[in-house]
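A quick note: this is a predicted structure, and the numbers were derived from the prediction, not measured. Letters A, B, ... are given to chains in the order of the sequence lines, protein chains preceding strands, and every chain is numbered from 1.
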2 protein chains.
Amino acid sequence: MKLIDILDAVPIPVGYRLAFLTNFYREPLLRRMEREHGLMRPEWTVLICLTYRDGVAARDISEITEQPSNSVSRGVTALEGKGLITRSPDPDDARRSLLHLTDAGRALHDAIMADYVVAEAEMTASLTAAERATLLSLLDRMCRDVPRWQSLPPYDGARR
Amino acid sequence: MKLIDILDAVPIPVGYRLAFLTNFYREPLLRRMEREHGLMRPEWTVLICLTYRDGVAARDISEITEQPSNSVSRGVTALEGKGLITRSPDPDDARRSLLHLTDAGRALHDAIMADYVVAEAEMTASLTAAERATLLSLLDRMCRDVPRWQSLPPYDGARR
DNA sequence: GAATGATTGTTCCATATGGAGCGACTTTGC
DNA sequence: GCAAAGTCGCTCCATATGGAACAATCATTC
């Protein structure tokens with residue numbers, strides 16, 4: 001008896017499977033990262049964010065990722081202490097620090113992300129190339145549609 | 001600038017979108033549940049489990065959901081205190097207590113789950129019925145395939 | 001140019017949750 | 001029949017993380 005055995009009984013077939021896959025895909029990798037690289041989740045979030053938008057401030061990361069500013073602050077402090085990012089003062093605003101990846105930071109990001117790439121290949125191994133493309137297309141449409149419903153019931157007033 | 005804007009740059013298009021959708025689908029609903037119904041996540045897990053398998057013991061729920069036994073234990077204690085479940089001694093094993101939903105517990109489960117149903121309808125509103133069926137079929141295949149890869153690299157030794 | 005209000009980043013605090021260990025009970029093996 | 005090992009549920013402990021408040025800085029208004 002496992003979680004998968006109630007897959008068919010649940011009234012939210014899509015949502016349940018999304019959560020099911022996300023849990024088994026992401027959670028073990030996060031735990032391995034925490035254990036083997038000593039990186040906490042907010043740090044990982046900052047690292048990803050800087051990989052795609054270097055030179056932003058902590059506040060920007062907080063808005064982009066919709067995570068609490070104190071979590072981002074802790075992540076930034078920790079990453080700086082490990083030499084994975086650097087801060088430079090924002091010439092236009094003394095309150096802000098602009099964040100930059102170091103070579104070590106970029107290397108660690110790539111090393112961790114590599115596991116995710118391998119894992120995704122395994123997760124989708126049972127699909128043909130055409131099916132994978134179809135899945136990606138459907139998921140993408142749903143993602144783009146998130147802003148439409150994230151303020152509607154039952155989400156009205158449900159977000160932090 | 002939002003998370004969605006790096007959707008296309010990431011090397012794990014499927015995994016990223018799965019996590020993206022799961023976060024926006026589930027997290028706000030869990031927070032609303034915690035706030036409005038005073039139910040913690042382990043309690044919700046127990047409630048769901050008993051809805052589909054009534055009369056099991058805490059240990060069974062721990063194995064089914066792969067959650068720590070102390071979390072299940074806390075969830076059971078809390079739910080019992082709220083009158084949402086009852087314990088009956090297992091006649092065959094004095095260590096175990098068999099858990100049963102009360103009417104109030106079933107009613108609360110249904111009330112909370114109703115939000116998830118509405119939310120899933122919104123999340124998939126941009127798909128046609130045929131596309132929804134296709135998505136469900138592909139996700140289902142991936143779910144059934146989880147046991148194959150969850151012990152392979154990079155997951156070997158990554159799980160709790 | 002001073003004052004009031006917003007914004008950034010941080011620290012303090014509360015708490016949910018996972019890990020380790022511990023009694024109570026059961027099973028296994030002799 | 002008994003000792004040793006295993007199992008069930010729980011409590012103690014450590015900690016990651018979200019909320020609230022606060023100092024420093026900027027913007028806005030008069």
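A/Phe20 and A/Phe24 have tilted rings, their planes meeting at an angle from 30° to 60° on a 0 to 90° scale.
Summarising the geometry, the separation between CE on B/Met40 and C1' on C/dG18 is reported as 16 Å, rounded to the nearest angstrom. What separates CZ of A/Arg87 from P of C/dT8 is a distance of 15 Å, to the nearest Å. Counting to the nearest Å, the C1' atom of D/dA16 and the CZ atom of A/Arg35 are 17 Å from each other. Protein atom CG of A/Leu79 is 16 Å distant from nucleotide atom C1' of C/dT10, rounded to whole Å. For the pair A/Glu80 CD and C/dG9 P, the interatomic distance rounds to 13 Å; values are reported in whole Å. Rounded to whole Å, atom C1' of D/dT15 lies 13 Å from atom CZ of A/Arg31. Distance CD (A/Gln67) to C1' (C/dG9): 16 Å, rounded to an integer number of Å. Distance, B/Ile61 CD1 to D/dC8 P: 13 Å, rounded to whole Å.
Within the 4.0 angstrom heavy-atom criterion, only backbone atoms of the sugar-phosphate kind lie near A/Arg41; the bases stay farther away. Residue-level contact check: B/Ser97 touches the backbone only, with heavy atoms under 4.0 Å from sugar-phosphate atoms and none from bases.
For the residue pair A/Thr22 / B/Thr22, a side-chain donor-acceptor distance below 3.5 Å is found, with atom types taken as modelled.
Between A/Leu79 and A/Leu39, the closest side-chain pair of non-hydrogen atoms falls below 4.5 Å. Looking at heavy atoms from C-beta onward, A/Tyr25 lies in side-chain contact with B/Ile12 at the 4.5 angstrom threshold. Residues B/Ser88 and B/His100 form a side-chain contact, since some pair of their non-hydrogen atoms from C-beta on lies under 4.5 Å apart. Using a 4.5 Å cut-off on side-chain heavy atoms (C-beta onward), A/Leu127 and B/Met142 make contact. Within the 4.5 Å cutoff, the side chain of A/Asp60 has heavy atoms near those of the A/Arg96 side chain. In this structure, the side chains of B/Glu43 and B/Lys82 come closer than 4.5 Å at one or more pairs of heavy atoms.
Not one side-chain nitrogen or oxygen of A/Ser71 sits closer than 4.0 Å to the OP1 or OP2 atom of D/dT17. For A/Ser73 and C/dT10, the shortest distance from a side-chain N or O to OP1 or OP2 is below 4.0 Å.
Residue-to-nucleotide contacts include a donor-acceptor pair under 3.5 Å from the side chain of B/Asn70 to the base of C/dG19. The base of D/dG9 has none of its N or O atoms less than 3.5 Å from a complementary donor or acceptor on the side chain of B/Arg74.
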Letter per nucleotide, 5' to 3', of nucleotides 22-29 of chain C [B base touched, S only sugar-phosphate touched, - untouched; heavy atoms, 4.0 Å]: --BBS---
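Minimum atom distance to the side chain of A/Thr77 is reached by C/dT10, of the listed C/dT10, D/dG18, D/dC10.
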Steps toward ring pair (Phe, Tyr, Trp, His ring centres under 6.0 Å) verdict (A/His109, A/Trp44): CA-CA 8 Å; A/His109 167 274; A/Trp44 178 227; 5.6 Å; yes
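Although no hydrogens or angles enter the test, the distance criterion places a donor-acceptor pair under 3.5 Å between the side chain of B/Asp54 and the main chain of B/Leu101.
Interface residues of residues 44-54 of chain A facing DNA chain C, ordered by number: none; criterion, heavy-atom separation under 4.0 Å.
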